[in-house]
Amino acid sequence: MTTSPPPPLGTRLAGKVCAVTGATGIAAASAARFLAEGAEVFVISLHEHDCVALAEQLASDRFSWTTADVSDEAKTEAAFAVCRERYGRLDGLFAVAGGSGRPLGDGVLHEISLAAWNATLALNLTTGFLPAREATRLMLDQPAGGSTS
C-alpha cells in the first residue's frame, strides 16, 4: 500500500479558516501554529487587550479576532456570526478557553458551594460546548464540513 507524503509544513492548512477560543497560553500558541500551517485564524476571547497583544505578536494579515464571553449563549452566537460574516466559512475549531475555578470559589469538595461549582462548570464546560455547537452549525451550512475539538 502506498501513501502520499504529508503536505509540507506551512501549507497543511492553507485555505482553511480555524477559530480558537482564548488569546493567551495554549490558545495563543495554537493560533500561532495554525498561522504557521497556512490557516486564516479567527480568535474569540473574553478580553480585548489579550486579542490586541496577540495580534501584535503574530503580526499577520491572516489573523482576526472578536471579543465574547463564550460561556454566554447570545455572545457566543454573535461571535460566530462575526466569523461567518468575515470568512463565510469555518473549517476548524480549537475550543481551549477555560481556567481555574479557584477565583470563583472552587475548592475542596466539602467546602465548595453549589454556586462556585456551577461557575467552574460554566468556565470549563460551557466554554467548550457553546463554541462547538456554533461552529458545528456554521460547518453544517457549508459543503465541505469541518472539525471541532
Side-chain angles (χ1 to χ4, degrees), residues 1-104 106 115-149:
M1 177 176 169
T2 61
T3 60
S4 31
L9 291 178
T11 62
R12 293 191 295 186
L13 297 176
K16 304 290 185 187
V17 176
C18 297
V20 178
T21 62
T24 62
I26 294 169
S30 299
R33 182 61 188 202
F34 290 146
L35 280 173
E37 293 293 344
E40 299 276 340
V41 177
F42 180 70
V43 163
I44 304 166
S45 186
L46 184 59
H47 301 293
E48 180 176 353
H49 60 87
D50 291 335
C51 294
V52 170
L54 183 57
E56 289 172 357
Q57 174 190 335
L58 298 175
S60 174
D61 62 351
R62 291 182 289 112
F63 175 83
S64 66
W65 56 270
T66 192
T67 57
D69 177 349
V70 292
S71 69
D72 180 289
E73 185 172 33
K75 291 176 182 174
T76 304
E77 290 170 347
F80 280 87
V82 171
C83 181
R84 179 188 303 268
E85 181 180 307
R86 192 165 292 160
Y87 296 103
R89 63 177 298 109
L90 181 63
D91 300 290
L93 167 69
F94 185 43
V96 69
S100 171
R102 293 290 192 243
L104 306 170
D106 184 12
W117 172 258
N118 286 334
T120 302
L121 289 177
L123 176 63
N124 291 295
L125 296 180
T126 304
T127 58
F129 162 70
L130 288 173
R133 185 188 74 185
E134 294 311 307
T136 300
R137 288 176 173 174
L138 204 161
M139 291 172 191
L140 287 172
D141 286 344
Q142 61 196 34
S147 176
T148 62
S149 67

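The model shown is predicted, which means the values in this text are computed figures rather than measured ones. When reading the values below, keep in mind they use all heavy atoms of this one structure, side chains included, and skip hydrogens, waters and symmetry mates. For reference, positions follow the sequence shown, starting with 1.
Interatomic distance, E134 CD to C83 SG, rounded to the nearest 0.5 Å: 11.5 Å. Once rounded to the nearest 0.5 Å, the distance linking OG1 of T136 with CG of D141 reads 11.0 Å. Put simply, CZ on F129 and CD on E73 are 7.5 Å apart, with the number rounded to the nearest 0.5 Å. Remark: L35 CG to E40 CD distance equals 8.5 Å, nearest 0.5 Å. The CZ atom of R89 sits 11.5 Å away from the CZ atom of R84 when rounded to the nearest 0.5 Å. Put simply, SG on C51 and CZ on F63 are 6.0 Å apart, with the number rounded to the nearest 0.5 Å.
With W65 as reference, V52 is the one residue of V82, V52, D50 to meet the side-chain contact (heavy atoms from CB on, under 4.5 Å) rule.
Listed here is the closest heavy atom pair of A79 and T66: CB-CG2, 3.9 Å. Listed here is the closest heavy atom pair of A97 and V70: CB-CG2, 4.1 Å. The shortest non-hydrogen separation linking L13 to C18 is CD1-SG, 4.3 Å. Heavy atoms only, all atoms of each residue included: L130 and D72 are closest at CD1-C, 3.8 Å. The two residues T126 and S71 come nearest to each other via the heavy atoms CG2-O, 3.7 Å. Shown here for G38 and R62, the closest heavy-atom pair between the two residues is C-NH1, 3.2 Å.
Residues T21 and T127 are not in side-chain contact: their nearest non-hydrogen atoms beyond the backbone lie 4.5 Å or more apart. Residues T76 and P131 form a side-chain contact, since some pair of their non-hydrogen atoms from C-beta on lies under 4.5 Å apart. Counting heavy atoms from C-beta on, the side chains of F80 and L93 come closer than 4.5 Å.
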Show me the donor-acceptor pairs within less than 3.5 Å that the side chains of residues 24-31 make with the rest of the protein, sequence neighbours left out.
from	atom 1	to	atom 2	distance (Å)
S30	OG	I26	O	2.8

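Formation of a donor-acceptor pair under 3.5 Å by the T67 side chain with backbone atoms of L46 is not found in this model. Of the possible donor and acceptor atoms, one in the side chain of Q142 sits under 3.5 Å from a partner among the backbone N and O of L90. Looking only at distances, a side-chain donor or acceptor of D91 sits under 3.5 Å from a matching main-chain atom of V17.
The pair R133-E77 meets the salt-bridge criterion, since a charged nitrogen lies less than 4.0 angstrom from a carboxylate oxygen.
Within the structure, every pair that satisfies the ring pair (Phe, Tyr, Trp, His ring centres under 6.0 Å) test and touches residues 22-47, not counting sequence neighbours, is listed here: H47-H49.
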